[in-house]
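Below is one structure, written out as structure tokens, with a few remarks after it.
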Amino acid sequence: MLLTGTGRLAPTGLSPWALLVHDGRIAWIGSPADAPHHERVDLGSALVTPGLVDSHTHPVFAGDRSDETAARLEGARYTEGGILRTVQATRAADDAILERLVEDRLRAALTAGTTTVECKSGYGLSLDEELRHLRIIGRVADRLPVRVATTFLGAHAVPVEGGSMAEYAAHVADDMIPAVAREGLATFVDVFADEGFFDLAATERIGRTAMAAGLGLRLHADQMARTGAAELGARLGAASVDHLEQLDAAGVAAVANSRTVATLLPAPAIVLRDRLPPTRALIDAGATVAIASDANAGTFGGFGAMPLVIGLGAALLGMTVTESLTAATSGGAAALRRPDIGSLRTGIAADLVAWDAEHEGAFALRLGSVRPMRAWIAGDEIAL
Ligand SMILES: [Zn+2]
């Protein structure tokens, strides 16, 4: 299949353009005049980009916490109590209900142009519940064309029955991670490393156990307090440290001088009226930056919001539109250690989206209202 267009192929900026797909991968990119003879699919003036990569979501939950959001915006504080409220509602939901909720959320992402979604567990917080939630992600992923990366987030909060933070962290490391690894239920382990959640010693213990079990590591780091979790992630070789709202110059340098991706989550920062991560400093220091939705139960609920997130990356965080689009595609792929997706190069998977826009600047201009017209995953067109 040869895709052609008179619009823009972003973030390359090529226009007009032609792209040859062979065996699900990009086989050639160039000018239509130089294109090999092949059956052509003309996309006219549409903006075409790689499929978006949302490298941070929490889709397995039941219940509704919009009342809590309203209360917080009236001055109430964000605590682990909110997560535990979702845990209670999610434990009470049977498999069929949870599967439908997860499927609806991943479909919302897909129909908004996200072709790869990272999905965390973390609203179960017991061995049986966490395994159940990971299996549900796996079953939904098998039914949908969207690519899914699964992350075990048993260390999201300490459950009511979990004892002390250190005792529960030991349970996560000693009992839960071996079970997750044995069943092959996740690619990554994540820890909510923040004040009032998991301290650096507990995070390091869980992180080292995960990596010894062959799982990748990602951290919620330096969101509410400057704990040094970002440096710990960089030192342990985490794939990504996420949030970073409180990161200072030393933290920026530590992340930039590592292979760990800095994943920025502007949407919950707005809903929480939090400060914004030092985006320009991270980019200027040479860090690999990703942006993701952090769609979850309590601090931002927008599954399918990646077009908005790209706009926020530019309008709010101070990236150029091209930097923001790159962070939402190849940046997200790097955060998931998937060099085979997320960019426009020969040999990369043909995950592509044609948008109802003519220029990538539309993501900023039309904040949240740019829609896909057609999309392909591994060269196969998907129903939107
Ligand atoms: Zn999160």
Side-chain angles (χ1 to χ4, degrees), residues 53-61 63 65 68-69 72 78-87 90 102 105-106 109 114 116-125 130 133-134 137 148-158 172 186-198 203 206-207 216-225 227 229-230 233 238-247 260-272 274 276-277 289-306 308-309 312-313 327-328 331-332 335-336:
V53 179
D54 190 350
S55 60
H56 186 136
T57 83
H58 305 247
V60 192
F61 67 87
R65 278 165 55 200
E68 183 188 313
T69 301
R72 198 172 50 236
Y78 178 55
T79 65
E80 68 174 12
I83 292 176
L84 297 182
R85 189 176 159 205
T86 296
V87 169
T90 307
V102 173
R105 289 165 185 151
L106 295 197
T114 297
T116 300
V117 186
E118 184 258 16
C119 298
K120 303 178 197 293
S121 66
Y123 293 116
L125 307 187
E130 287 291 319
H133 298 188
L134 292 170
I137 294 169
V148 171
T150 306
T151 298
F152 166 63
L153 178 57
H156 194 190
V158 179
V172 170
T187 307
F188 294 101
V189 170
D190 194 343
V191 181
F192 203 133
D194 217 319
E195 204 170 82
F197 291 83
F198 293 87
T203 302
I206 293 168
L217 179 64
R218 38 202 333 105
L219 297 179
H220 284 67
D222 293 292
Q223 177 190 7
M224 289 173 286
T227 63
S240 177
V241 287
D242 298 29
H243 275 292
L244 310 180
E245 283 85 341
Q246 312 298 330
L247 203 64
T260 299
V261 173
T263 299
L264 310 179
L265 310 167
I270 301 176
V271 177
L272 289 167
D274 202 350
L276 301 174
V289 170
I291 53 171
S293 71
D294 192 18
N296 72 80
T299 59
F300 176 66
F303 290 86
M306 282 301 284
L308 168 67
V309 171
L312 294 177
L336 297 177

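Along the sequence shown, residues carry numbers from 1. Start at 1 and go down the list; that is how both ligands and their atoms are numbered.
Between His133 and Tyr123, a ring centre-to-centre spacing not shorter than 6.0 Å is recorded.
Look at Asp294 and the Zn ion (ligand 1): an N/O/S atom of the residue is under 2.8 Å from the metal. In summary, His56 places an N/O/S atom under 2.8 Å from the Zn ion (ligand 1), meeting the contact criterion.
His220 and His243 have tilted rings, their planes meeting at an angle from 30° to 60° on a 0 to 90° scale.
Distance alone, capped at 3.5 Å, places no donor-acceptor pair between the Thr90 side chain and the Gly124 backbone.
Counted by atom type alone, Thr114 and Asp54 present zero donor-acceptor pairs between their side chains at under 3.5 Å.
Looking only at its N/O/S atoms, His58 has NE2 as the one nearest to the Zn ion (ligand 1).
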